[in-house]
Amino acid sequence: MNSDKEAFVALVTCFNEDESINYDATRAQVRRQVAAGNNIMCAGTNGDFSALTFDEKVRLCAEVVEEVGGKAKVIVNAGMPATYETVLLAREFDRIGVDGIAVITPFFIACTQDGLVRHFSTVADAVTTPVYLYDIPARTQNHIEPETARTLARHGNIAGIKDSGGAQETLEAYMAVGREESGFDVYSGPDHLVHWAFQNGAKGAISGLGNVMPEVLAEIVRCFNAGDADGAARAQETYGNFRTDLYKLGYPPALVKRALWVMDPSVGASRQPALLPDPEQDKQIEAILKKYELI
């Protein structure tokens, strides 16, 4: 079994001025990430998944897979509030052919832990592609308890979890499940915990900040896998400092997209209402990007 760590970038979805998806620009971002050495997660939180239609998600997944062309792994998020729609999406992604199907916890609907077991199990039963749980309670208000993760880890087609809760304690509990349940990998979502998660047994990281700093994220992975602990720590320090500087301005996914827009306006704005264009904030973002020599 390959014990090397790996990184996925939670890829932004690019939009035209009329807010239709700019698939060409999105493909360019895919090429940029693959060239840096990163894998791709599409239709996640940083990809504006909650603002995409069913058909857009299916086409987006197909275009990303085609552009990757087998040079990297692709995971796609199928999670929706209803189990029914999640299964329909997961089956489409299964048909397209991806390396993993992430399923974010249902949002808007308050779920019991038993309800979550039924939800994720039903999706995993419906496809042959490995399913990954996706926990981000700050956004969905539903949290996968570690014991629930343990129960789901015993399902034959649930291969791991992405933890975007931000709490080191929860990540440690998930990694304990991974050590005890064969074939259950843990992926860290918080950008400041990439190196720490690698050191403590996580299989990989799925990072939104990698949209802006793909090479630094890849450097953490490269150094760690090469046994260069100091190099990995230095890259993580840069990554963490940039995260602190950028995220103090507001909602992280919106700021990632805006920072990328400052670097490359072809990515377009976001469909989400979280961040309206603000010339003063753009100046602050530009100053941060210059500080880290990104522009």
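We're numbering straight along the sequence, starting at 1.
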Work out which heavy atom in [X] is nearest to a heavy atom in [Y]; give both atom names and the distance.
{"X": "Lys73", "Y": "Asp99", "result": "CA-OD2, 3.2 Å"}
{"X": "Ala159", "Y": "Pro130", "result": "CB-CB, 3.8 Å"}
{"X": "Gly201", "Y": "Lys5", "result": "C-NZ, 4.1 Å"}
{"X": "Ser207", "Y": "Leu217", "result": "CB-CD2, 4.0 Å"}
{"X": "Glu67", "Y": "Val30", "result": "CG-CG1, 3.9 Å"}
{"X": "Gly210", "Y": "Gln33", "result": "O-NE2, 3.0 Å"}

Steps toward side-chain contact (heavy atoms from CB on, under 4.5 Å) verdict (Asn46, Leu11): CA-CA 6 Å; Asn46 280 271; Leu11 193 76; over 6 Å; no
Classify the side-chain pair [X]/[Y] by whether it contains a donor and acceptor separated by less than 3.5 Å.
{"X": "Thr122", "Y": "Thr83", "value": "no"}
{"X": "Tyr134", "Y": "Thr140", "value": "no"}
{"X": "Asp185", "Y": "Tyr132", "value": "no"}
{"X": "Tyr247", "Y": "Asp191", "value": "yes"}
{"X": "Asp94", "Y": "Thr128", "value": "yes"}

Going by side-chain hydrogen bond (donor to acceptor under 3.5 Å, both in side chains), name the residues that satisfy it together with [X], two or more places apart in sequence or in a different chain.
{"X": "His195", "answer": "none"}
{"X": "Thr13", "answer": "none"}
{"X": "Thr112", "answer": "none"}

Would you say [X] and [Y] make side-chain contact, with heavy atoms under 4.5 Å?
{"X": "Asp163", "Y": "Thr170", "answer": "yes"}
{"X": "Ser164", "Y": "Thr45", "answer": "no"}
{"X": "Val262", "Y": "Leu289", "answer": "yes"}
{"X": "Ile285", "Y": "Leu255", "answer": "yes"}

Thr105/His119 under side-chain contact (heavy atoms from CB on, under 4.5 Å): CA gap, chis, key distance, verdict: CA-CA 9 Å; Thr105 48; His119 176 75; over 6 Å; no
Do NZ/NE/NH1/NH2 and the carboxylate oxygens of [X] and [Y] come within less than 4.0 Å?
{"X": "Asp282", "Y": "Arg258", "value": "yes"}
{"X": "Glu286", "Y": "Lys283", "value": "no"}
{"X": "Glu147", "Y": "Arg150", "value": "yes"}
{"X": "Glu92", "Y": "Lys57", "value": "no"}
{"X": "Arg222", "Y": "Glu219", "value": "yes"}

Derivation of the side-chain contact (heavy atoms from CB on, under 4.5 Å) call for Phe184 and Leu152: CA-CA 9 Å; Phe184 188 78; Leu152 290 164; 5.6 Å; no
Does atom CD of Gln113 have more than 12 heavy-atom neighbours, drawn from other residues, nucleotides or ligands, at distances under 6.0 Å? yes
Is the count of non-hydrogen atoms from other residues, nucleotides or ligands lying under 6.0 Å from Glu180 atom CD greater than 12? yes
Tell me, please, which residues at least two apart from Arg91 pass salt bridge (Lys or Arg N to Asp or Glu O under 4.0 Å). none
Path from [X] to [Y] over hydrophobic side-chain contacts below 4.5 Å:
{"X": "Tyr187", "Y": "Val221", "result": "no"}
{"X": "Leu52", "Y": "Ile101", "result": "yes"}
{"X": "Val256", "Y": "Ile21", "result": "no"}
{"X": "Ile206", "Y": "Val65", "result": "yes"}
{"X": "Leu193", "Y": "Phe242", "result": "no"}

Residue pairs, two or more places apart or on separate chains, that pass ring-ring contact (aromatic ring centres under 6.0 Å, His included) and touch residues 13-40: none
Pairs under 3.5 angstrom only: tabulate donor-acceptor contacts from the side chains of residues 75-82 to other protein residues two or more places apart or in another chain.
| residue | atom | partner | partner atom | Å |
| --- | --- | --- | --- | --- |
| Asn77 | OD1 | Gly79 | N | 2.9 |
| Asn77 | OD1 | Ile104 | N | 3.3 |
| Asn77 | ND2 | Ala43 | O | 3.1 |

Hey, what do you get for [atom1] ([X]) to [atom2] ([Y]), rounding to the nearest 0.5 Å?
{"X": "His192", "Y": "Arg243", "atom1": "NE2", "atom2": "CZ", "value": "5.0 Å"}
{"X": "Gln141", "Y": "Ile136", "atom1": "CD", "atom2": "CD1", "value": "10.5 Å"}
{"X": "Leu249", "Y": "Glu280", "atom1": "CG", "atom2": "CD", "value": "10.5 Å"}

Decide side-chain contact (heavy atoms from CB on, under 4.5 Å) for Ile40 and Phe8; before the verdict, give the C-alpha distance in whole Å, the side-chain angles of both, and the deciding distance to 0.1 Å. CA-CA 5 Å; Ile40 304 292; Phe8 288 77; 5.6 Å; no
Candidate pair Thr53 and Asp55, rule side chain to side chain donor-acceptor pair (under 3.5 Å), full reasoning: CA-CA 6 Å; Thr53 69; Asp55 290 343; 5.7 Å; no
Kindly say whether the aromatic ring centers of Phe93 and Phe54 come within a distance under 6.0 Å. no
Any side-chain to backbone donor/acceptor pair from Ser20 onto Asn16? Under 3.5 Å, distance only. no
